[in-house]
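What follows is a short report on a single structure.
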Amino acid sequence: MSVTKRFALLILGGIPVVISLGIFSPFLATLMFVIYNAVVVSLFLLDFFMSPKTPLLAVKRVDPERFAVDKFIKLSHKAVNPVVFTVHNLSPYRLKIEGLDTVADRHFEVSNENLQHTISPNNIAQFSYDVTPSKRGSFTFTNIHLRVFGLLGLAIKYHVYNQPMEFKVYPNLQDLSRFRLMIRKNRLLPRGEKTVRLYGPGTEFESLRAYVDGDDYRKINWQVTAREMRLIVNDYQVEKNQPVFMLLDSGRPMSYSVKGYKKLDYAINASLVLSDIVNQKGDQSGLLVFNKTIGTVIPPGKGNVHRNNLMDALYHIEDTKDTSNYQAAFRTLCSRQKRRSIVFIFTDFETLEEAQELTAHIAQLKRWHFPIVIFMKNEELLKLAENPDSHIKEVASNFLAERKQLFRTLNAMSVPNVETPADKFSVTAVNQYLRLRG
């Protein structure tokens, strides 16, 4: 319980009257002081007891997308998300109410608050505010606090409602529709760039067409050629339902931040975007998360249930400070996935030893699958290589030389690899897949 500004103004308003009377009669001034304050306090108490009690206000958290009560509410990482709760006024009075939610963690930035409403009897008002989560994972918001102003505007009652709700912060896929549209319009690949079938020729028959110079003679359909009296070749397309695996490194090199995100967050977003595009193209997507140990493994699949499984597997993944075990990751994939697959490896390295660990074991993976390694360009290192301080410049240049040596080694092993800026991570992964699938 507390008082409002109106109550304070009423108290202060009686002071000039009391002072004026005191000039002529101290007794009248004292009497007026007692009577005036007794009336104001009585009005305050009346206002307090007339205000509705806790059971006359019903509070619920709702999903802002469906305005329904759910078991948990989804939020997008590093994006503005609305949070909504409703207050149902079951009292016979028109009430002015202010709300305050208990935001669970310091990883939420609150903005755009709409938490004050005047609610008519038997009506419901929506209280809302926006949160921008800076961390993925699961968080619980608990109590909702209400300040209910008295009917006379003198008293304030405080109510606390225990409304625990789990908020799951998922990777930010708000741009996924943009990717889908670009795929339909073939806008991801640079204009004029020829797609390259690095995975080998297609094996699924598509159509017949006339022979042109440069066609592989092994594609000639001799039966149709004899009938048509001209050279006819078979056209093939890459088989559908091709397994595409995402190997996601959550080890130490992926724990560093770039442009406000951790490298792991970029890799998670790229994995989910790529998985969605893979499924759109008729292929199956799978996932293996690893660091020092093997984490989540999801076999290839597609459809809404499969996509939800990927989301649930990835939203709470944390980075570690351990060096990742590539040998265990590659061995696990080869043992669980017998069919030859395209394998995207989202990883990075900070030391030469980590790079050598990758190259030492990727040949094992290459025997059974087709790996593509996606690295994140170290833009800070490039800036340090141009530092006027000769010592800093030399150290940075040595690190860059080690990175280039890894790329040369992978190229010599015929392992496709690409180094891309952080904000192009998802686009680069999708483009590599489109090049492979033609």
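Rounding to the nearest 0.5 Å places OG1 of Thr420 at 7.5 Å from CZ of Phe425. With values rounded to the nearest 0.5 angstrom, Leu314 atom CG is found 8.5 Å from Met246 atom CE. In this structure, Ile345 CD1 and Leu365 CG are separated by 5.5 Å, a value rounded to the nearest 0.5 Å. To the nearest 0.5 angstrom, Thr323 atom OG1 is 9.0 Å from Tyr326 atom OH.
Between Lys74 and Asp63 there is no salt bridge, since no side-chain nitrogen of the basic residue lies less than 4.0 Å from a carboxylate oxygen of the acidic one.
The shortest distance between side-chain heavy atoms of His88 and Leu57 does not fall below 4.5 Å. In this structure the side chain of Phe344 reaches within 4.5 angstrom of the side chain of Ile342, judged on heavy atoms. For the pair Gln337/Phe245, a side-chain contact is recorded, criterion being any heavy-atom separation below 4.5 Å from C-beta on. In this structure, the side chains of Val373 and Val415 come closer than 4.5 Å at one or more pairs of heavy atoms. The shortest distance between side-chain heavy atoms of Leu288 and Thr296 does not fall below 4.5 Å. Between Thr320 and Arg252, every side-chain heavy-atom pair lies at or beyond the 4.5 Å cut-off. When side chains are defined from C-beta on, Leu410 counts as touching Thr359, because their heavy atoms get closer than 4.5 Å.
Under the 6.0 Å distance and 45° angle rule, Arg403 counts as a cation-pi partner of Phe349. Cation-pi contact between Lys168 and Phe72: present, with separation from the ring centre below 6.0 Å and deviation from the ring axis of at most 45°. No cation-pi contact links Lys281 to Tyr433, judged by a cut-off of 6.0 Å to the six-membered ring centre and 45° from its axis.
Under the ring pair (Phe, Tyr, Trp, His ring centres under 6.0 Å) criterion, Phe139 pairs with Phe108, sequence neighbours left out.
Heavy atoms of other residues, nucleotides or ligands lying less than 6.0 angstrom from CD of Gln116 number more than 12.
Val83 approaches Val131 most closely through the heavy-atom pair CG2-CG2, 3.6 Å.
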Begin from the C-alpha positions of Lys321 and Ser255 and carry the test side chain to side chain donor-acceptor pair (under 3.5 Å) through to its verdict.
CA-CA 7 Å; Lys321 299 302 179 182; Ser255 67; 3.2 Å; yes
Tyr261/His77 under ring pair (Phe, Tyr, Trp, His ring centres under 6.0 Å): CA gap, chis, key distance, verdict
CA-CA 10 Å; Tyr261 284 79; His77 180 227; 5.7 Å; yes
